[in-house]
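As C-alpha cells, the structure follows; a few thoughts come after it.
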There are 2 protein chains.
Amino acid sequence: MKLSHFQLVVAVAERGSIRAASRHLGIAQSALTRSLADLERELGDAIFERRARGVILTPIGEAFVSNGRVILNHVRRTGEEIRQMRGLGTGTVTVGLSIAIHLAVLPHVLRPFYVRYPEVRLNIIEGFYPTLASSLRDGSVDFYIGPESQGKVSPELSREVLFQGRRTVLCRQGNPMIAARSLRDLADARWISNSITMTAEDEIGLIFRDFGLPVPKVSIRSQSALTLITCLSNTDFLAMVPMQWTEFELTRKTLAEIKIKEKLLAPSIALVKRADMPLTPAATYFLDLLRRSIERRILRGAN
Amino acid sequence: MKLSHFQLVVAVAERGSIRAASRHLGIAQSALTRSLADLERELGDAIFERRARGVILTPIGEAFVSNGRVILNHVRRTGEEIRQMRGLGTGTVTVGLSIAIHLAVLPHVLRPFYVRYPEVRLNIIEGFYPTLASSLRDGSVDFYIGPESQGKVSPELSREVLFQGRRTVLCRQGNPMIAARSLRDLADARWISNSITMTAEDEIGLIFRDFGLPVPKVSIRSQSALTLITCLSNTDFLAMVPMQWTEFELTRKTLAEIKIKEKLLAPSIALVKRADMPLTPAATYFLDLLRRSIERRILRGAN
DNA sequence: CTCTTGTGATCGCGATTTGTCATCGTTTGC
DNA sequence: GCAAACGATGACAAATCGCGATCACAAGAG
C-alpha cells in the first residue's frame, strides 16, 4: 500500500471514472488502471465496481477512501508544517468562518497575518458548521469558528466555546420601523432569516416565543451575507443578525440598527477542529490572531 | 514524499543509526542512505544530524517523525480494517488494561473474542495511563481501560468514564490482622502500594487521611501484579487493591481479604482512545465485549 | 601511537516499478 | 447502427529502488 494508491483511489472516487481521474492527474489511463488493479490484488478485494459509465465504490472502497482522505491530508500538512518551520512560509491555511466572524474579527487579523506569513495562501470559506463538518473530519479544513450546531459534534472533532452570541435587528435605512424600541413593536413585520443552525424550526420564532410573543412571518431564508444585504436593502423586511453586523463599514450607509430594549441571545460561537492532527504553524498563528481579536473586541465590549 | 520515507525515518530515529535501521528493515544501508538523502533534498532541510556514532533528529526531523508515526499507524489500521471487513479476521488489536480489568473482565471476554476473530492477534499490555499515553497518541495502542490519570488527557485523546473504582485490603493467608474490621485497626501495619496514578503522594495516605487517620507506612511500591503477589505472599504487609482482586482464582488460596467496614473509593476506571482514527472492526468488537462484561459483572454487583 | 570497529557517503549495475502509446471489447444514447 | 465514453491489455521506455563493494571518518582499545 503506497501513498499514490490513496491519491489515485480518492481521485477516481471523486471523479467517478478512471479516465476522468487520469485526465485530472495528468497521467495515462492505462497506468491508473494498472495501479488500481495492483492495489485490489494486494487487498484481495475490489475497491470499485466497474460500470458501463464509470466506476462506483464498493463498501470496502468507501472505507479505503475515507481513511485515505485523512491520511493524505495529514501527509500534506506534515509537509507544510516543515516548510513553515524552515521560515519560508508557504502552504495553505483553510478555515471556515461564520458571517459574524467575517464582519467583526477577520478585518483586523488579515494584515498581521500577512506580515508574519506573506507567502501563505489563506482559504476562507463563509459557511456554517453543517456544510463544513465532513471537510473538518477529513482534515481538508483546518478549523471552523462560528455558531455551534446543536452542542453535538463528531467524536473526532474538538469543540471549544469562545463567546456567547448576541443578536440585533437590522433594517433598510428609511424603514419607518426604525423608531421601534421593543420586540413587540416588530411582531407584524416580515422577516429575513439567516439562521442555519436550526433546520426545522426558525431561530427567530424561538426568540419571539421566549419573550411571549407570537411567531412572526419569515419571508426569506438566506444562506450568505450577500443574499441578506441584497434583500434587506431592497425591501422593508427586517433581519435578526449577529450583533457584529453593526461594525460592518460597508452597510453603515445602507442599513440601520433598530435598538430594541430586549437582550437577544444567540447560539454560542465555538471553535471546532480535528482533535488530533496538530495545526501547522501558520494555522496556529492565524487561530491565535483570531482568538486575541475576539478577546479584545468582543469579550471586552459585550456583556 | 512517500510512505517508505516515513517508515524509514521512523526506523532510523528509533534505532539511532542508519546501519542499525537497515539491518532491522532487512535492506542495504546504501539504499537507506540514498532514500534519506532524496527525502532531505525534497524537504530542503536535514532530518538527521550526522554524528560519529550514528544520527540524531533535527527539530524538523522530530516533527516529521511524530507525524509519521500517526500516518503509518493509520495506514496499517486501514489495511486491517479492510481485511476484517472481508471476513478473514487477521490483524492485531493492541490494548492497555489495568490490573483490575485483567482480573475481573479479561478472563470472560477472551473466549468469545476468539470465536469471532480466531486469527486476530491480541496484544495486551498490563500498564497504567502514563506509560501508555504516547502510544495511544501515535495510534500504536488502540485503546486503554484503567484508572484515569488526573482527569486531564491530551487533546487528541477522548476519555469516557466506565465505572467508579472500589478498593479492598488484601493480606497473606495466616496474617493475624485478618480479623481486623476497621481501617483504624490497620493503621500500624506496613503497606504495599500499587498506585501509579499518583506520583508524588501515595493513594493509601489520602484514603487514611479521608477517614481522619494518620498516614501509614508504605514499605513497597509495586508496578505489576506479579510484584504485588510475590511481596504480599511472603510478608505480613498489607495491600490496598482494586476490589476485583477478590475474584482472582489463582490467589484465593494464598491471599485473603480483610473485610473492613469502611467503603474505600478509588479513581474511576475510564476508557481512553484516540478521538479520530476509528477502531478496526476487531478492536470495536473487543471493546464491546469488555463493555458488556463490565456492565454485567461490575456495575450490577457493586454499589 | 596504531588498530579495530562502527558509522555514513558514493558508485556501478541489475531488478522492479511506473509511466506512455496504441488497441480492443463493451455499454449507452442518439 | 453508429459515435462516444469507458475500462482492460500488451509492448516498450524511463525512472526508481534494490544490492554489493568501497571509501572516509571518528571513537575507543591496547
> Do you know which two heavy atoms are closest between A/N73 and A/S140, and how far apart they sit?
Replying inline: ND2-N, 3.5 Å

Between [X] and [N], is there a side-chain N or O to OP1/OP2 distance below 4.0 Å?
X     : N     : value
A/R23 : D/dA5 : no
A/R15 : D/dC6 : no
A/T33 : D/dG7 : no

Nucleotide [N], atom [atom2] - distance to [atom1] of [X] in whole Å:
X     : N      : atom1 : atom2 : value
B/M1  : D/dT16 : CE    : P     : 16 Å
A/R51 : C/dG29 : CZ    : P     : 13 Å
A/R41 : D/dT9  : CZ    : P     : 12 Å
A/I18 : C/dT20 : CD1   : P     : 15 Å
A/Q7  : C/dT18 : CD    : P     : 12 Å
A/L8  : C/dT18 : CG    : P     : 11 Å
A/L36 : D/dC6  : CG    : C1'   : 14 Å

> Is it true that the side chains of B/T280 and B/R77 contain a donor and an acceptor less than 3.5 Å apart?
Replying inline: no

> Have B/E62 and B/S66 got a donor and an acceptor in their side chains that come within less than 3.5 Å?
Replying inline: no

> What is the per-nucleotide protein-contact pattern of nucleotides 17-28 of chain D, from the 5' end, where B denotes a base atom under 4.0 Å from a protein heavy atom, S denotes such proximity for sugar-phosphate atoms only, and - denotes neither?
Replying inline: BBBBB----SS-

>> Among residues 55-64 of chain A, which ones have heavy-atom contacts with DNA chain C below 4.0 Å?
In response: none

>> If you count heavy atoms of other groups shown closer than 6.0 angstrom to CZ of B/R50, is the number above 12?
In response: yes

>> Tell me whether the count of non-hydrogen atoms from other residues, nucleotides or ligands lying under 6.0 Å of CZ in B/R121 goes above 12.
In response: no

> Going by the angle between their ring planes, with limits at 30° and 60°, are A/F6 and A/F64 parallel, tilted or perpendicular?
Replying inline: parallel

> In terms of side-chain geometry, is the basic nitrogen of A/R83 or A/E81 positioned less than 4.0 Å from the acidic oxygen of its partner?
Replying inline: no

> Below 4.0 angstrom, N of the basic side chain to O of the carboxylate: do B/D38 and B/R41 qualify?
Replying inline: yes

> Taking B/F143 as the fixed residue, which of B/T284, B/L157, B/L132, B/L279 is the one that meets the side-chain contact (heavy atoms from CB on, under 4.5 Å) rule?
Replying inline: B/L279

